[in-house]
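Presented below is the structure to which this report refers.
Within every chain, numbering begins at 1; the chains are lettered A, B, ... in the order of the sequence lines, protein sequences first and strands thereafter. Computed over heavy atoms, backbone and side chain alike; hydrogens, waters and symmetry mates excluded.
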Amino acid sequence: MNQHPDTAGASRPVPASDAPTSIAARAMASLRPQGSPYLEGLNDEQRRAVEATDGPVLVLAGAGTGKTRVLTTRMAHLIATAKARPFDILSVTFTNKAAREMKHRIGALIGPAGEGMPWLGTFHSIGTKILRRHAELVGLRSDFTILGMDDQLRLMKQVIVDQNIDEKRWPARALASAIDGWKNRGLLPEQVPPGEAGAFAFGKGGALYTAYQARLLTLNAADFGDLLLLCLKLWRENPDVLENYQQRFRYILVDEYQDTNVAQYLWLRLLAQGHRNVACVGDDDQSIYGWRGAEVDNILRFEHDFPGATVVRLERNYRSTGHILAAASGLIAKNEGRLGKTLRTEDVPGEKVTVAGAWDSEEEARQLSEAIESLQAKQHPLSEIAVLVRISAQMREIEDRFVQLGLPYRVVGGPRFYERAEIRDALAYLRVTQNPSDDLAFERIFNTPKRGLGDATLQILHGYSRSQGVPLLQAARLLTETDELKPRARSGVRALVESFSRWARMVGTKPHSEVAQTILEESGYTEMWQKDKSADAAGRLENLKEFVRSMEEFPDMAAFLEHVSLVMEASEQEGADRVSLMTLHAAKGLEFDTVFLPGWEDGLFPNQRALDESGRAGLEEERRLAHVGLTRARKRAKLSFAVNRRIHGLWSSTVPSRFIDELPPGSVDVIDAPAHFSAGASRFDRNPTPFGSSYGTPGWQRAQAATANTGNFGSTPARNPANRGSGPRQIEGELIAKSTGAPSAFSVGMRVFHTKFGPGDVAAVDGNKLTVDFDKAGQKMVLDSFIQAA
DNA sequence: TATACTTCTATTTTT
DNA sequence: TAGAAGTATA
């Protein structure tokens with residue numbers, strides 16, 4: 001497996017003279033990559049990053065510089081040069097999506113030899129794999145369950161109540177985030193600094209953490225944090241086990257290193273101490289998950305942690321045109337804590353980044369949609385357009401507008417399939433069937449659908465379960481033999497217990513998806529939703545069907561449950577030409593021809609809360625987020641801000657984001673204002689245009705000054721509603737005209753014409769919003785400004 | 001058990 | 001403001 005003729009992938013004819021070559025040997029050869037064609041097309045830095053195989057390597061890969069390509073090529077290279085076999089390489093990512101993508105690309109690179117790299121996966125999936133092998137060393141059984149967020153919260157609630165703490169004052173959520181934080185930092189209960197452990201519930205934080213961990217062990221369960229934390233514990237307490245893994249992983253590769261938290265860092269460092277061949281790829285300028293424990297420091301400190309490390313910078317960007325890159329680079333240069341990279345492109349300068357102001361968020365949404373429609377008219381595919389917002393609350397107005405216009409869109413990263421209530425319920429039934437001691441799952445569906453079993457019954461079960469030291473289901477079974485339960489409750493409990501016994505017997509005798517189907521029917525769960533007449537019941541039934549269907553892809557129920565607990569993903573159907581709408585966080589790793597970035601206002605972006613909670617570091621992370629947003633765009637980036645926005649139901653006047661002024665003026669075009677400020681429903685068309693042709697000019701300054709002294713509606717003046725209308729300012733007039741729904745020029749029954757939907761009849765009037773029955777397009781809500789009397 | 005009313009809260013979110 | 005979650009009431 002050592003020598004590879006450097007024939008650069010040319011197909012080798014079978015040499016007729018080479019008689020001894022056995023068929024098997026030829027078949028083996030076909031598995032081997034031929035030459036190193038995979039290195040072709042890499043630029044110098046990329047090639048260096050691939051070929052620096054030994055010792056610690058840090059690859060600083062800016063946005064769009066071919067990071068994944070380097071990572072996958074590096075693996076291919078290791079295998080092709082026989083430095084490592086697929087199972088010698090540990091390769092970690094953060095998301096399942098990234099892991100999948102990488103597997104796929106390696107397969108394409110080196111063919112079947114690369115398939116089934118057993119140690120390519122997320123931190124959590126690999127942690128799970130290791131933990132299952134040595135579970136008993138950390139007090140678990142190898143079939144431990146992995147808890148989702150909701151199970152975690154339910155468990156913490158119990159722990160809090162057990163310790164006689166007022167669950168109202170000290171909500172489970174707060175405890176969860178404290179414990180999560182500790183776990184992210186690799187701290188076991190006894191390692192939490194005393195000062196911090198005392199922070200929760202009058203000094204009980206540490207005790208609660210201890211109690212929570214103990215409960216997890218008795219339930220034979222682990223939460224997400226444990227999947228890494230318990231590996232650390234395992235290795236610290238069992239050096240022989242650690243050494244085994246250190247030897248096993250000859251090469252370690254880490255994707256998105258800037259997102260690692262302390263626990264992950266420690267995890268990697270322990271493993272890397274074997275061969276010291278650790279390559280981390282990341283971009284400090286794209287670290288946007290500090291709030292959930294990621295430590296930019298990990299990447300900033302790499303050279304210190306791994307002395308003699310090779311550092312390779314990938315700065316040649318293959319994604320964006322010149323002005324976009326210049327804008328992104330200029331902005332991120334304002335950050336102080338960074339390793340420093342300068343992105344270059346050989347692409348054309350292209351279009352400048354545009355900045356547009358709007359009167360309020362509604363108008364901003366309108367402008368944005370119009371811009372999308374005009375791109376659409378020029379044959380720009382909608383699937384190449386994205387709208388990236390800072391907070392999900394911004395999505396509503398934009399969606400409303402899209403719906404009004406009939407513009408197809410999809411929200412990326414919404415509620416996840418496996419987190420929906422009906423799916424979790426179904427899952428709970430399966431979990432109890434599979435594992436009768438899964439108390440959390442049992443509790444979840446104990447009275448769902450309603451079987452007349454309430455809190456009182458549950459308390460009795462709990463008490464009995466505890467005193468007898470048996471799981472809830474077992475306790476329930478035993479209790480039906482006694483007369484501790486009232487007759488009605490007893491029959492309910494008995495029916496449930498018997499059902500579970502019956503279902504458990506079915507497992508293995510029938511295909512598991514069929515078992516699931518039966519369980520959902522016999523338990524009355526499906527029926528519950530069929531009877532439900534609320535609007536989303538049909539969707540939920542549909543989800544349940546999809547759920548059962550998706551089980552068929554797995555060999556057995558256990559495999560399915562493992563998949564689900566680790567891979568919380570919605571099955572997404574692709575294909576349709578739609579605009580993508582998502583948060584900036586969700587956009588990391590994606591790219592689009594045209595990107596809209598609304599809501600660039602101080603307070604929203606940079607977000608006030610980030611500023612308050614993390615100060616300078618918070619501001620820098622927000623700036624990185626802005627940088628991520630801009631670098632998603634290949635050809636067009638369109639920023640906008642609104643001068644008025646409703647925050648928590650109150651109108652506030654806002655100031656353009658400080659980030660706008662940090663952009664290099666030469667790469668930015670300010671969109672002239674008149675179009676925006678007079679467009680649509682404004683009744684104040686006479687307003688002087690507050691924005692000049694170029695920001696930084698007096699006109700721009702004036703605009704900022706004007707918005708600044710408008711006063712803040714959200715604070716003092718607005719607190720008293722009576723004051724609201726008394727101000728002399730036009731902004732208030734405008735706002736009130738909108739918020740109170742001033743009389744429209746249209747009335748019900750009127751015949752009207754819409755530029756897009758054609759003729760129709762007004763069905764309802766609500767301020768400037770009309771519901772119109774269009775002759776062709778059906779009933780739609782539209783703004784009166786798009787309507788003429790016909 | 002269903003419904004109406006009150007209270008609370010309000011970034012970003014993967015595994 | 002608006003949605004969820006919890007509480008009161010019939």
Side-chain angles (χ1 to χ4, degrees), chain A residues 92-99 121-128 146-149 151-153 167-168 171-174 176-177 180 183-184 222-229 255-256 259-261 263-264 287-294 361 388-397 412-416 418-419 421 447 449-455 528 531-534 562-570 582-589 599 603-614 618 621-622 624-626 628-629 645-652 714 718 721 738-739:
Chain A
V92 278
T93 62
F94 274 85
T95 63
N96 292 296
K97 197 176 152 202
T122 62
F123 275 102
H124 297 268
S125 67
I126 291 171
T128 307
I146 299 164
L147 262 37
M149 263 287 283
D151 291 320
Q152 222 179 110
L153 283 176
E167 186 233 319
K168 290 270 158 55
R173 291 202 58 98
S177 80
D180 254 9
K183 290 189 174 181
N184 284 159
D223 65 20
F224 279 111
D226 288 339
L227 298 177
L228 294 165
L229 186 66
D255 188 19
E256 306 276 20
D259 286 339
T260 49
N261 60 36
Q264 287 155 344
S287 163
I288 54 174
Y289 286 108
W291 49 274
R292 64 176 196 217
S361 44
L388 311 183
V389 295
R390 174 65 246 263
I391 62 170
S392 358
Q394 283 172 267
M395 289 187 190
R396 242 201 58 181
E397 273 179 313
V412 178
R416 262 144 260 286
Y418 289 116
E419 273 164 25
N447 195 30
K450 300 265 185 294
R451 347 184 130 79
L453 304 175
D455 249 9
M528 178 182 102
K531 280 189 185 153
D532 192 306
K533 49 210 174 294
S534 64
E562 169 94 359
H563 165 86
V564 165
S565 54
L566 228 40
V567 187
M568 294 280 212
E569 283 178 355
M582 68 191 97
T583 63
L584 285 159
H585 284 90
K588 199 170 82 160
L604 179 63
F605 190 33
N607 192 270
Q608 192 58 48
R609 202 144 152 181
L611 262 32
D612 292 345
E613 280 168 21
S614 320
E621 182 153 317
E622 294 286 300
R624 291 193 290 267
L625 200 48
V628 167
R645 185 176 295 275
R646 204 159 35 185
I647 297 166
H648 305 330
L650 289 174
W651 282 99
S652 305
K738 281 189 180 171
S739 56

Write down the protein N/O and nucleotide N/O pairs, taken from nucleotides 3-7 of chain B, whose separation is under 3.5 Å; answer none if there are no such pairs.
none

Validation row: A:Met395, A:Thr583 side chains within 4.5 angstrom (heavy atoms):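 Yes, their side chains come closer than 4.5 Å.
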Could I get the full list of side chain to side chain donor-acceptor pair (under 3.5 Å) partners for [X], not counting sequence neighbours?
{"X": "A:Arg396", "value": "none"}
{"X": "A:Thr128", "value": "none"}
{"X": "A:Glu562", "value": "A:Arg132"}
{"X": "A:Asp223", "value": "A:Lys183, A:Tyr212"}

Contacts of type salt bridge (Lys or Arg N to Asp or Glu O under 4.0 Å), residue A:Arg624, not counting sequence neighbours: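 For A:Arg624 the salt bridge (Lys or Arg N to Asp or Glu O under 4.0 Å) partners, ignoring immediate neighbours, are A:Glu621.
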Pairing residues for A:Glu256 by the salt bridge (Lys or Arg N to Asp or Glu O under 4.0 Å) criterion, not counting sequence neighbours: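 Residues passing salt bridge (Lys or Arg N to Asp or Glu O under 4.0 Å) with A:Glu256: A:Lys67, A:Lys588.
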Sugar-phosphate only, base, or nothing, as touched by A:Glu613 at under 4.0 Å among non-hydrogen atoms: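 Result for A:Glu613 = base.
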Sugar-phosphate only, base, or nothing, as touched by A:Gln152 at under 4.0 Å among non-hydrogen atoms: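 It contacts nothing in the nucleic acid.
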Quickly work out the [X] [atom1] to [N] [atom2] distance and round it to whole Å.
{"X": "A:Leu650", "N": "B:dT9", "atom1": "CG", "atom2": "C1'", "value": "13 Å"}
{"X": "A:Asn261", "N": "B:dT15", "atom1": "CG", "atom2": "C1'", "value": "11 Å"}
{"X": "A:Asp259", "N": "B:dT12", "atom1": "CG", "atom2": "C1'", "value": "13 Å"}
{"X": "A:Gln608", "N": "B:dT12", "atom1": "CD", "atom2": "P", "value": "16 Å"}
{"X": "A:Lys183", "N": "B:dT13", "atom1": "NZ", "atom2": "C1'", "value": "18 Å"}
{"X": "A:Arg173", "N": "B:dC8", "atom1": "CZ", "atom2": "P", "value": "18 Å"}
{"X": "A:Gln394", "N": "B:dA10", "atom1": "CD", "atom2": "P", "value": "18 Å"}
{"X": "A:Asp612", "N": "B:dT12", "atom1": "CG", "atom2": "C1'", "value": "15 Å"}

Chi class for B:dT11: syn within 90° of 0, otherwise anti: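 Glycosidic conformation of B:dT11: syn.
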I'd like a list of close polar pairs between nucleotides 2-8 of chain C and the protein, N/O only, cut-off under 3.5 Å.
residue : atom : partner  : partner atom : Å
C:dG3   : OP1  : A:Arg396 : NH1          : 3.4
C:dT7   : OP1  : A:Lys168 : NZ           : 3.1

Residue closer to the 5' end of DNA chain B, A:His648 versus A:Phe123 (nearest nucleotide):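 Taking each residue's closest nucleotide, the earlier one in sequence belongs to A:His648.
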Closest-nucleotide ordering on DNA chain B, the 5'-leading residue of A:Thr583 and A:Leu453: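 Checking each residue's closest nucleotide, the 5'-ward one belongs to A:Leu453.
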Tell me which nucleotide among [options] gets nearest to the side chain of [X].
{"X": "A:Asn96", "options": "B:dT11, B:dT15, B:dA2", "answer": "B:dT15"}
{"X": "A:Lys450", "options": "B:dT1, B:dT13, B:dT12", "answer": "B:dT1"}
{"X": "A:Asn607", "options": "B:dT12, B:dT11, B:dA2", "answer": "B:dT11"}

side-chain contact (heavy atoms from CB on, under 4.5 Å) partners for A:Asn607, two or more places apart: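 Scan of A:Asn607 (side-chain contact (heavy atoms from CB on, under 4.5 Å), adjacent residues dropped) gives A:Arg390, A:Ile391, A:Arg609, A:Ala610, A:Glu622.
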A:Asn261 side chain vs A:Gln264 backbone, donor-acceptor pair below 3.5 Å: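 Such a contact is found between A:Asn261 side chain and A:Gln264 backbone.
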Sidechain-backbone polar pair: A:Ser177 side chain, A:Ala174 backbone, donor-acceptor under 3.5 Å: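 Looks like yes, one N/O pair under 3.5 Å.
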Under 5.5 Å and under 30°: A:Trp291 stacked on B:dT12: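 Here A:Trp291 meets both the 5.5 Å and the 30° conditions.
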Same-atom distance ([atom1]) from [N] to [M], integer angstrom:
{"N": "B:dT12", "M": "C:dA5", "atom1": "C1'", "value": "23 Å"}
{"N": "C:dA2", "M": "B:dT13", "atom1": "P", "value": "22 Å"}
{"N": "C:dA4", "M": "B:dT11", "atom1": "P", "value": "15 Å"}

